[in-house]
Amino acid sequence: MADPRPRVEYLAGFCYPLGGLAAGKPRVLCHGAEIFLSTGRELVYVYDREGRLLIAVYKFPGQVWHLELLALHKVLYVLCAQSGIYCLSLDQTTRSVSRDKEDGGDDQDSDDGQVGEPPVPVIHVDPESCVLPDASLHAFTVLDDALITLALGPTQWKMQLFERPSPGEDPRPRGQIGEVDLSTCTPPAESQGASAAPCFLPVLCCASPPGSRTPLGHSWSSEGVMLEGALFGLLFGADAALLESPVVLCGLPDGQLCCVIIKTLVTSTSALGDPKALVKILHHLEEPVVFIGALRTEPLAEEVEDIHCDCLVALGHHGRTLAIKASWDEAGHLVPELREYSLPGPVLCAACDRSSHVYHSTSTGLCVVDLAQEGSPLDPTESDGAPGSLPPLLYPDNLGICSLVTLCVSSSVPEGGAELLALSAKGRLMICRLDPHDEAPQPSRVTSAKAGQKIKQLLSGIGTVSERVSSLKKAVDQRDKALTCLNEVMNVSCALLSSREGPRPISCTISTTWSRLQLQDVLVATCLLENSSGFSLDRGWALCIQVLRSSQALDLDSAGSAVTYTIPVDQLGPGGRREVTLPLGPGEDGALDLPVTVSCALFYSLREVVGRALTPRDPFKDPPSAECTPIVLPEQDGVCLPLSEHTVDMLQGLRFPSLGVPYTQALGPARDPIHTFLGTCRVPGSQPAGPESLRAKYLPPSVATIKVSAELLRAALGDSHAGVSLGCATLQWLLAENAATDIVKAQALSSVQGVAPDGTDVHLIIREVAVTDLCPAGPVQAVEIQVESSSLANLCRAHHAIVGRLQRLVVEQAARGSSPPDLRLQYLHQMQANHEMLLREVQTLRDRLCTEDEASSCATAQRLLQVYRRLRSPSLLLL
Amino acid sequence: MAHQTPLGSSASHVSCLDLWREKNDQLVRQAKVAQDSSLPLRRQQLAQDALEGLRGLLCSLQGLPATVSVLPLELTVICNFITLRANLARGFTEDLAQDIQQGLERVLETQGQLEARLEHELWGLWDAALRVSSLLPELLPALHHLAGLQAALWLTTNRFGDLTLLLQTLTVSQSSASEDMLLLLKSWRPPTEESDAPLTLQNAQGLRDVLLTAFACRQGQPACPVGLSKLTLWSLPKALSLCPRSLLVQVYTALGTCLRKMGSPQRALLYLVAALKEGSTWGPPLLEASRLYQQLGNIAAEIESLELLVEALSITRIPEAHQLLIEVELLLPRPDPASPLHCGTQSQAKYLLASRCLQTGRAADAAEHYLDLLALLLDGSEPKFSPPPCPPGPCVPELFLEAAAALIQAGRAQDALTVCEELLSRTSFLLPKRPRLWEDARRRTKESPHCSPWVSATHLLQGQAWVQLGAQKEAISEYSRCLELLFRATPKDKEQGNQDASYHLLQTLRRLDRRDEATALWRRLEAQTELPQENTAWSLPLYLETCLGWICPPDRETLREEFQTSGDL
């Protein structure tokens with residue numbers, strides 16, 4: 001049997017419907033050769049199917065939510081969001097007139113994306129043609145001489161009935177005939193921002209009783225249906241049948257399906273209609289109603305003009321489908337036959353054709369189901385109900401056209417076939433023809449091929465269900481695990497955060513050493529993570545080490561650059577230790593800019609552990625749509641617990657080859673192997689070449705001194721350095737964190753020659769001196785720390801490191817409450833004045849440097865250097 | 001935290017404030033133009049545009065940090081926005097409460113007291129904001145205006161506890177704390193606005209007066225059924241001076257209802273006359289007058305009132321355009337259908353008139369009125385005259401039946417038959433599709449509820465009409481059909497009135513000398529009377545009550561006696 005495939009004919013492209021698949025606001029209507037189309041934006045297009053061209057484009061002040069065509073009166077009603085209902089006359093003459101009028105100056109909207117269409121001027125709709133201004137309107141339908149609207153009131157949906165306004169009428173008071181509140185439940189909470197577009201709009205459908213005097217001329221292009229008498233009476237009661245009144249069916253976004261008899265919706269001005277009397281709730285779909293329609297499931301006895309539908313259908317967004325038919329029980333009494341089906345969802349749009357087919361579009365394809373009872377005409381034993389009852393199961397047939405956002409069954413169809421007008425999510429207008437010869441119009445016999453297919457479908461259904469069960473089970477397990485992990489994390493966090501004083505249960509100590517990595521000496525930091533708490537650090541924990549290079553520490557303008565290393569802590573039980581080493585430098589360029597700050601923290605990534613459990617990958621779930629977005633954790637969401645921070649300065653980075661500390665390379669950092677070779681081959685005694693050596697030879701080294709009172713130092717260093725001279729003790733204290741500290745201690749040195757990371761030498765000399773003039777009581781014993789280096793930058797780094805240590809020392813001592821001896825204030829004042837004078841001079845010299853030419857700037861620079869030198873050797877004393 | 005404007009930008013700041021102010025004033029003027037417009041569509045559009053303008057202005061004001069200098073304008077814009085919004089929506093919505101809340105938070109923001117937001121509900125915010133405003137007197141007028149709107153909102157949502165607290169705080173400096181809300185409202189004196197203040201749609205004093213009236217009316221309304229509360233009487237003179245005419249009609253009618261129920265019909269009549277003199281809406285007082293005359297037993301006057309009511313409701317009145325202010329009516333709940341202020345639609349009034357005529361024995365008038373009513377209902381061309389003859393009224397089939405009963409009563413049997421046939425033909429598809437013999441039907445225990453009692457009643461009336469026309473055979477066939485349907489109904493539905501029909505059938509059979517059938521029916525009826533007779537107080541529908549009038553109750557007893565004596569034959 002030939003696989004029924006629709007013949008798809010592409011007509012034109014329009015701009016993408018606003019909101020994509022979830023919006024549900026685009027509309028297509030068809031009248032003769034004219035197609036009226038809105039994509040959910042501000043434009044309404046009129047397209048000529050035969051001429052294959054765009055006839056007109058109307059622009060409205062807001063998003064277009066609904067279109068209704070009154071073919072008999074040639075009137076198009078348009079609901080514009082936040083504005084109201086507009087009424088356009090489709091008279092050819094008025095259109096051309098208004099187009100001519102606009103032709104001159106009007107601009108063409110360039111981004112409307114009409115593909116291959118001749119430019120058509122956009123006609124801006126006159127605000128005067130708004131026949132019902134009401135910002136709260138969400139849906140409407142037109143019935144003969146009545147206009148039925150649904151507005152979102154403060155707490156309820158409100159249905160109003162008006163006399164139908166016509167275009168071009170004088171704006172006179174529109175007679176409101178009736179009004180009734182629909183549901184007492186609060187509408188979706190999108191009323192806050194009036195501009196926020198609701199996800200789902202209510203759906204309205206007019207149902208007329210048979211033989212009502214006003215034929216619904218627009219019955220198929222719009223949403224009116226004519227029901228057969230029994231179904232009509234059964235659904236809406238004897239009153240509606242007696243009054244021969246049309247009924248408005250209303251599907252709300254909360255799933256409620258209710259109806260209002262139009263002829264009873266008459267209210268006096270003093271009071272609203274009584275919802276209990278006027279509104280009848282038919283059903284509750286428990287998901288947003290996206291479509292209400294009616295169809296004919298039983299073949300008609302004879303050819304009649306009006307088709308009286310015998311089955312009412314309502315579709316919910318997630319595919320829940322309700323079908324109601326009238327049937328008779330054994331006693332001959334009229335009873336409703338009501339069936340609920342579950343179709344694949346989410347349903348984007350749906351339509352019914354003249355026979356028993358319901359078409360509905362999902363993101364995976366256009367499906368068709370047949371509500372006629374299969375097999376019953378020939379084989380009554382197979383059907384489980386009375387003849388003509390609804391099928392117990394529906395078998396959706398996927399026609400394979402994805403993501404149609406709106407459908408319309410074309411009214412001009414050759415007998416037996418179906419022709420659908422559809423707009424895709426990408427804005428393509430197309431015709432889908434279902435050939436009656438391809439598709440068996442009456443699937444009267446269950447062929448073996450078809451039965452096989454059904455069985456296959458059922459089996460695959462069972463397969464998918466079991467797959468789904470296992471995937472759900474997995475998700476539950478995952479969630480359990482995630483909860484356990486979270487509990488552990490909470491424990492660890494509490495332990496760490498609550499122990500402010502004393503040793504922390506989880507600590508990280510950082511030390512530095514020089515070591516040799518790939519022909520290069522590198523300063524290596526070693527971080528030792530110790531877990532002395534009672535909890536174990538499991539998967540998900542990571543040790544984050546941030547290395548903040550104050551590469552431009554001397555250049556105050558720029559901030560240092562930070563590098564973060566993240567090392568997963570894979571299982572660290574109580575009492576466990578983990579050592580992590582990382583190179584601090586020098587890098588490729590041979591530079592190591594000290595000081596470097598190393599900070600350690602523990603990080604627990606919530607995303608990795610919890611995030612996965614919260615959004616289990618379920619292949620059966622709908623693609624994430626607006627209303628079921630997964631819980632999104634930001635990329636970096638997690639728990640961060642700082643552990644320790646350590647600053648590596650110049651005093652820690654110094655190496656001392658003169659002391660016999662292993663130092664293989666004469667000039668530390670990476671060198672070209674050829675250079676190294678040449679260096680070793682150099683004739684002993686010859687002059688070393690290169691700028692460094694030249695500078696060392698011709699430039700006197702820069703010097704900086706700091707004086708500290710001996711008393712202060714002694715008090716600070718305490719007993720640990722007893723037995724050695726104060727000078728030696730001071731040097732040991734300064735180099736305490738250096739690898740050479742033991743040798744310095746052993747040799748009792750008071751001066752030492754070191755090498756900076758970049759290879760220049762740094763000389764530290766400690767002397768004991770006496771400072772006179774400062775104290776009236778006599779000379780003060782002091783220690784002078786002198787730093788010498790041929791590299792000014794290294795001098796500064798070393799000086800900075802020493803000052804940093806002294807600062808800490810002074811602060812500690814001050815905390816202990818030691819009082820300085822009496823001072824001669826006048827002397828201090830004098831020194832301060834000297835310094836200020838020097839600083840001022842520096843300022844003026846620098847200013848001058850900027851303006852002067854090269855010759856005189858040389859002299860100025862010399863002077864500046866002198867002043868700097870004087871500033872570096874202050875006669876001030878740290879007490 | 002107070003944000004001080006940098007000195008350098010103060011010049012531009014002032015001009016910005018002026019611009020905003022000018023925008024507010026312009027929008028208020030636009031709304032007032034809209035209010036005066038005689039074209040409703042134009043009016044609606046202008047008002048909607050003004051609302052959008054105010055929304056935009058509010059957005060730009062609230063996009064900047066709050067400052068004391070801009071706050072009076074900002075609060076005024078909020079007040080104007082809420083006033084217009086509530087007016088266009090014809091009610092207060094929850095998001096208006098959020099607008100008020102945001103205004104209060106902005107006041108607190110200038111004082112660095114935003115933590116109040118987290119701790120308290122809206123009431124706590126008001127407390128904090130009013131305390132702040134004692135330090136910033138320039139905020140007071142606008143804040144009182146906003147408080148008025150809050151009071152209106154709480155009044156419509158029945159949050160009287162919060163409302164009392166708010167009013168106590170507002171009036172605390174002016175009078176001693178009181179629990180009585182009317183007194184509180186009366187003693188609340190909103191500070192007068194400066195002459196150069198930004199324009200408002202409605203000032204705080206006006207709003208207070210509206211609140212006072214609305215509260216008095218609200219208090220009076222539920223008291224009505226019980227009797228006049230002192231408060232209602234006390235507050236009426238005050239309320240009346242501010243009442244719009246339509247509300248005045250309501251108040252007078254409500255007073256009339258109260259006085260009628262309290263047993264002072266003459267005083268009630270005076271108020272109803274006053275209500276009618278007020279003019280615009282005649283429905284409620286006329287309906288109330290008919291009730292009053294019914295109570296007095298003056299049928300002629302009652303019917304006349306109802307006739308006037310029908311006439312009054314036939315005039316399509318263009319609803320008065322609402323003022324774009326907070327009006328008293330906006331703060332009152334709409335009268336529900338059970339309220340004495342609800343007069344229904346023209347067709348409902350017509351039905352009331354027809355049924356009262358039938359009940360009081362004016363059969364000819366009743367028949368005419370019923371025929372008018374049916375014509376009104378079934379003529380589809382004018383949907384605006386269609387009725388909701390919903391509860392408490394009868395459903396449409398019952399209306400047909402009452403019409404038929406009235407026609408029979410008036411001696412127009414042929415017309416009655418036409419009405420009945422119309423009813424049956426229009427509902428034919430609801431009737432059982434495959435009628436069975438009653439023996440079959442009796443075996444069934446599960447019965448459909450769709451075989452309505454009114455279908456059998458139709459046959460009963462048809463039978464009665466044939467009797468009137470002297471066609472006994474047709475009468476018998478209709479009565480049998482009636483019984484067939486009745487016996488198919490559940491025992492619960494077998495009511496007293498239907499038994500009367502059975503007896504009537506029995507009598508007819510006897511007269512026709514169809515003895516066997518009569519005896520069979522008699523036995524069945526005897527069996528039925530042994531069933532427990534419950535629900536004797538059940539009142540019959542009007543159409544059956546009318547039928548019952550035709551069958552004299554002694555008939556049954558004599559029939560029974562006759563049969564008991566002759567039954568063995």
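By convention in this document, chain letters (A, B, ...) are assigned in the order of the sequence lines, proteins followed by strands, and residues within each chain are numbered from 1.
Residue contact with chain B, scored on non-hydrogen atoms closer than 4.5 Å, is absent for A:S245. Of the atoms belonging to B:F400, it is side-chain heavy atoms, and not backbone ones, that fall under 4.5 Å from chain A. Within the 4.5 angstrom heavy-atom criterion, atoms from both the backbone and the side chain of B:L423 approach chain A.
To the nearest 0.5 Å, atom CD of residue B:Q44 and atom SG of residue A:C130 are 8.5 Å apart. Atom CD of B:E422 and atom CG of A:L242 lie 8.5 Å apart (nearest 0.5 Å). For the atom pair CD (B:E52) and CD (A:Q82), the distance works out to 7.0 Å, reported to the nearest 0.5 Å.
For the side-chain contact (heavy atoms from CB on, under 4.5 Å) test, residues two or more places apart in sequence or in another chain that qualify with B:A349 are B:L309, B:V310, B:L313. Residues passing the ring-ring contact (aromatic ring centres under 6.0 Å, His included) test with A:F232, sequence neighbours excluded: A:F236.
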